[in-house]
Each structure stands twice: as C-alpha cells, then as structure tokens.
Amino acid sequence: MPDNAINDCDIIVYGASSVHTLDSGAARATVPERLLRPSVQGNEAAALGGGKVLALGTESELRARYRPRQTLDAGGGIVAPAFLDAHTHPAFAGDRADEFEWRSEGRSYLEIAARGGGILSSVRALRQASEEQLTEAVAGHFRRMQAHGTAACEAKSGYGLSTAGELKSLRAIAAAAARTGMQVFPTFLGAHALPEEHEGHPDRYLDLLCAETLPAVREAGLARAADVYIEGHAFDLRRARLYLERARELGFALRVHAEQFENLGGARLAAELGAECADHLEALDPAGIEALAASRKTFAGLLPCAPHFLRQATDAPARQLIQAGVPYFVATDFNPGTSYTPSIPEAIHFARIRLRLSALEALAGATSNAAASLGVADRKGRIAPGYDADLVVLDLPSIEHLGYAFGENPVKHLIAMGKILF
Ligand code: NIG
Ligand code: FE
C-alpha cells in the first residue's frame, strides 16, 4: 500500500490539550527521575483501531492518514492512559455502613474485627448471596470504578473463605467483567482471614487452602495470582510462607498484603519469594525497604486511601521507597471495610497529600507502573502504537491539577479496548 493511502480506523480522539503517553521508560519505574518527563508535547490526537493505539500526532496529521468510523472531541482536556487499579477487593455483597457508624462512635476497625465483624461480616453476606446476586454486586462495583476512569483492575476474591465460596467469588468476577467490559486480573485471596468454622484451628484452614482450594482454583483457571493477608489478626509469617510456597509451586503469581498494622516481615518474605508486590506497608521498617530494593522485582503497592479511612497516623514510606529504587504502584484497595472508594482520582489525591507524590509520579503509579506489576507493561498503561486502546480524557487545565481538587471526578471520557464507554 502506498504511504499516502488513507486507511480506515475506528476512532480519532482529537482536541486534547496534551496526550500524556508515559512512554519514556516510566513503565519499568525503577529509575524514578525518568518518571519526571513522561509526557510528549505537541500531541493532541490519537488514532485507534482494532482495540489498539495506531498512532499519535496532530489532528490534521492523523486525518491525512486515517478515515475514522467515529470521533471523540476531548474538548481541550488531557488524554492519559486509562487507570489500571492494581489492588481491589470487589467481590463482596452488601456493605458495612453499620460498622462504619460504630467506628464513628469510637470503636476501632481491629476491635470490630475481633468481635466477629470486619472481613467475617462480609463473609457471611457473601455466603448468603446467590451467585447471580454476587455477580450483579460486582458488576455494580466495576461500573463505579469505570465511572472514575478505571479500564482494568486486579480483582481479589477473599470473602468466601471456603472452596465453594472462593470459586463462586472468582466466577462472579469473571461474569461481572464480561457484563461490564471491565478488564480483570483476578487474584485468589483465600488467605484473607480465618473463617468462623475453623476458629481456633488456623492450621486446619491452612491445610484446606493448600490441599484443596488453591489446586481447585488453579484447575478452574480462575485466578492468575494468589494473595495472603499477613497480619497479627490474620496470617502469621510461618503460615504465609507455607501458603505462598504452595501457590508458587502450583504456578500462581504472588501478591501480598504486608505491614498494614504491624511489621511482621511480610515485605521481606514477598521479596524473598519473588512476589509481584507487597502492598500497604504503613508499618514497614528500613530493613523491609532494603529487602524490596534488593529484590529488583517486587513492587510496593501504595494504598493511601486505607490509612485515611482507618484514621491511621502513619503512612507507607513512599518517598524512601522511591528513593531506594523500589518500583511502586498506586491503587484504591477498594473494599467495604478499610477503603470504600472505587476512585483512582481519589487515591491519587491521597498519594499526593499523604505520600508526597508528584502528579506524574501518581499518574504513572496508577497506569504504567500498575501494568508493570501485573506483567503487562508491554501492552497496558501507556499510550503508544500497538498498546491496548485504554484512554481517559481528564477535564483538567494541566496535569499538575491531577489530585489537586478532591471529591470531584475529573474523568470526562473512558475508552477501554478501543470502545468508548462514555
Ligand atoms: O486491604 N487488608 C486486608 N484486606 C482489606 C480489608 C478487608 C475488609 O476489611 O473487608 C484491606 O485493607
Ligand atoms: Fe487489600
């Protein structure tokens, strides 16, 4: 075909003040200074086709090369990669607004959990819900996430805590993804809490997870990763190691909840076992930072909405982690107990306030770095030819405004896999 031929394409997005491609190595996120120059100026339009990005340029350049079936006017907004939320717990039914009221009355999250509330109340609700009811609940959560610019998310089970309940959760995640167009990276979180029927017998539940549930999830092909909540009131380090080693042996990637309330060495274990990430880290010590830095692989999952929601005084040592060269991502931790927000823009706001991230550091954290933590840096989290066409249009005067205003939603349009969702 001659060079000057005009090809059909699906969409031309035009009229952007800038297109932030995050194409200068931010995807690896191991060299922090490179994060500071990820935007390509002079781009105001993007051509999309076959669910992929075809080309970037000025509107007239792209119209000279492509005849679009559809156009989208960015209206002077900023075009950026759509958000990839790399830590969410969407597989729950109902909510915990009653417990949130108790917290206003002075009871703490850990106190409520110790009295059989917390994760275990969501377990009771999930077990009572039919698979269809759960699927609709998850679809509702995905729609709220999409409304805030999330095209793809890591989605954990973890409120079933039995083989049947966990399989039901993971099937509901897959069905809700098909219903909504949310792209999911499913994670099995059977090791989230000790279910009531195993109270006083943590090793019995661990045996069930290792001998029955993990293999069943693997066999069904319903999760790419396995996760464990390492915490005094959840799984200790010895049991977490046994569970993670078994998961790794079965071929799961590993993701870990570590050091949210107590420093038990969860991040060190994650680094040692080659986990994709260690998330939370509010109680991380310098040895944990060193272990993550030395691993050159394990991401720090920064979830700054959770300490806000829990009124925690300490935050993850984000600046020290970045300084030490630890790759990081920023995510919502969307769940009914400790972070009831589906909004990445809100997580970015808290990342900027509590973790002192710049706008571009936070944006990379919720796009290219998130993709790298999930092993898809070669096709997600950036706007570049050949990448999946996941884009947002942000109604902001400049990128520095990202996370500046809070409590309002800057996402004007979302395109996921080349489809305009709104
Ligand atoms: O990431 N840390 C464990 N899991 C969730 C909380 C789950 C809940 O309270 O329902 C979290 O904070
Ligand atoms: Fe979590």
Side-chain angles (χ1 to χ4, degrees), residues 85-100 102-103 107-127 137-138 141 145 153-161 165-166 169 173 185-195 225-236 240 243 254-264 266-267 270 275-284 299-312 314-316 329-342 347 350 370 373:
D85 194 339
H87 183 135
T88 80
H89 303 253
F92 62 91
D95 57 47
R96 305 224 294 273
D98 51 352
E99 294 184 5
F100 191 62
W102 305 344
R103 292 190 45 220
R107 279 188 263 176
S108 76
Y109 173 76
L110 289 175
E111 198 183 318
I112 293 166
R115 292 180 185 190
I119 293 169
L120 293 185
S121 44
S122 291
V123 171
R124 287 188 288 273
L126 184 138
R127 288 179 178 180
V138 180
H141 302 151
M145 293 161 71
C153 68
E154 186 258 14
K156 303 176 198 295
S157 65
Y159 296 111
L161 306 191
E166 289 295 307
S169 302
I173 287 171
F185 295 84
T187 295
F188 167 70
L189 176 55
H192 197 190
L194 187 62
D227 193 344
V228 53
Y229 187 24
I230 303 175
E231 201 60 56
H233 64 288
F235 285 75
D236 64 19
Y243 167 86
L254 306 179
R255 300 178 83 82
V256 174
H257 283 72
E259 272 77 67
Q260 183 180 15
F261 297 104
E262 288 170 74
N263 184 49
L264 297 184
E276 290 182 338
C277 59
D279 301 0
H280 282 296
L281 308 177
E282 283 79 12
L284 188 66
F299 279 64
L302 303 175
L303 313 171
C305 294
H308 158 71
F309 201 88
L310 292 169
R311 300 190 186 92
Q312 253 174 302
T314 50
D315 290 295
F329 61 80
V330 174
T332 60
D333 192 21
F334 177 49
N335 77 74
T338 66
S339 184
Y340 196 51
T341 178
F350 285 103
S373 87

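Order of appearance sets the numbers: ligands from 1, and atoms from 1 within every ligand.
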(message) Please confirm whether F92 approaches ligand 1 to less than 4.0 Å, judged on its heavy atoms.
(response)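 Contact check F92 vs ligand 1: negative.
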
Residue, atom name and distance, where the atom is the protein heavy atom closest to [atom]:
| atom | value |
| --- | --- |
| atom 12 (O) of ligand 1 | T338 OG1, 2.5 Å |
| atom 10 (O) of ligand 1 | Y159 OH, 2.7 Å |
| atom 4 (N) of ligand 1 | H192 NE2, 2.8 Å |

(message) Measuring from atom CG of N335 to atom OG1 of T88, what distance do you get when rounded to the nearest 0.5 angstrom?
(response) 9.5 Å

(message) I need the F185 CZ to I173 CD1 distance, nearest 0.5 Å.
(response) 13.5 Å

(message) Checking H87 against H280: is there a side-chain donor and acceptor pair closer than 3.5 Å?
(response)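 No.
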
Near [X], which atoms of ligand 1 are under 4.0 Å from a heavy atom of that residue?
| X | answer |
| --- | --- |
| H280 | 1 (O), 2 (N), 11 (C), 12 (O) |
| I119 | 7 (C), 8 (C), 9 (O), 10 (O) |
| N335 | 5 (C), 6 (C), 7 (C), 8 (C), 9 (O), 10 (O), 11 (C), 12 (O) |

(message) Below 4.0 Å, non-hydrogen atoms only: which portion of Y109 touches ligand 1? Side chain, backbone, both or neither.
(response)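 Under 4.0 Å from ligand 1, Y109 contributes side-chain atoms alone.
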
(message) Applying a heavy-atom cut-off of 4.0 Å, say which part of E231 lies close to ligand 1: side chain, backbone, both or neither.
(response)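 No part of E231 is near ligand 1 at this cut-off.
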
(request) Would you check if the distance from the ring center of Y229 to the ring center of Y243 is below 6.0 Å? (result) no

(request) Examine F350 together with F309 and report whether their ring centres are nearer than 6.0 Å. (result)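 When the ring centroids of F350 and F309 are compared, they turn out to be at least 6.0 Å apart.
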
(request) Search all heavy atoms of N263 against all heavy atoms of A283 and return the closest pair with its distance. (result) CB-O, 3.2 Å

(message) Please determine whether a side-chain nitrogen of the Lys or Arg among E111 and R115 lies less than 4.0 Å from a carboxylate oxygen of the Asp or Glu.
(response)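 Salt bridge present between E111 and R115.
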
(request) Look at the N, O or S atoms of H87, main chain and side chain alike, and state whether any lies under 2.8 Å from the Fe ion (ligand 2). (result)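 Here the distance criterion (N, O or S atom, under 2.8 Å) is met by H87, so yes.
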
(message) If I take every N, O or S atom of D333, is at least one of them less than 2.8 Å from the Fe ion (ligand 2)?
(response)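 D333 does place an N, O or S atom closer than 2.8 Å to the Fe ion (ligand 2).
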
(message) For ligand 1 and D333, I'd like to know whether there is a polar contact (N/O to N/O, distance under 3.5 Å).
(response) yes

(message) Below 30° counts as parallel, above 60° as perpendicular, anything between as tilted: where do the rings of H192 and H257 land?
(response)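 H192 vs H257 ring planes: tilted.
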
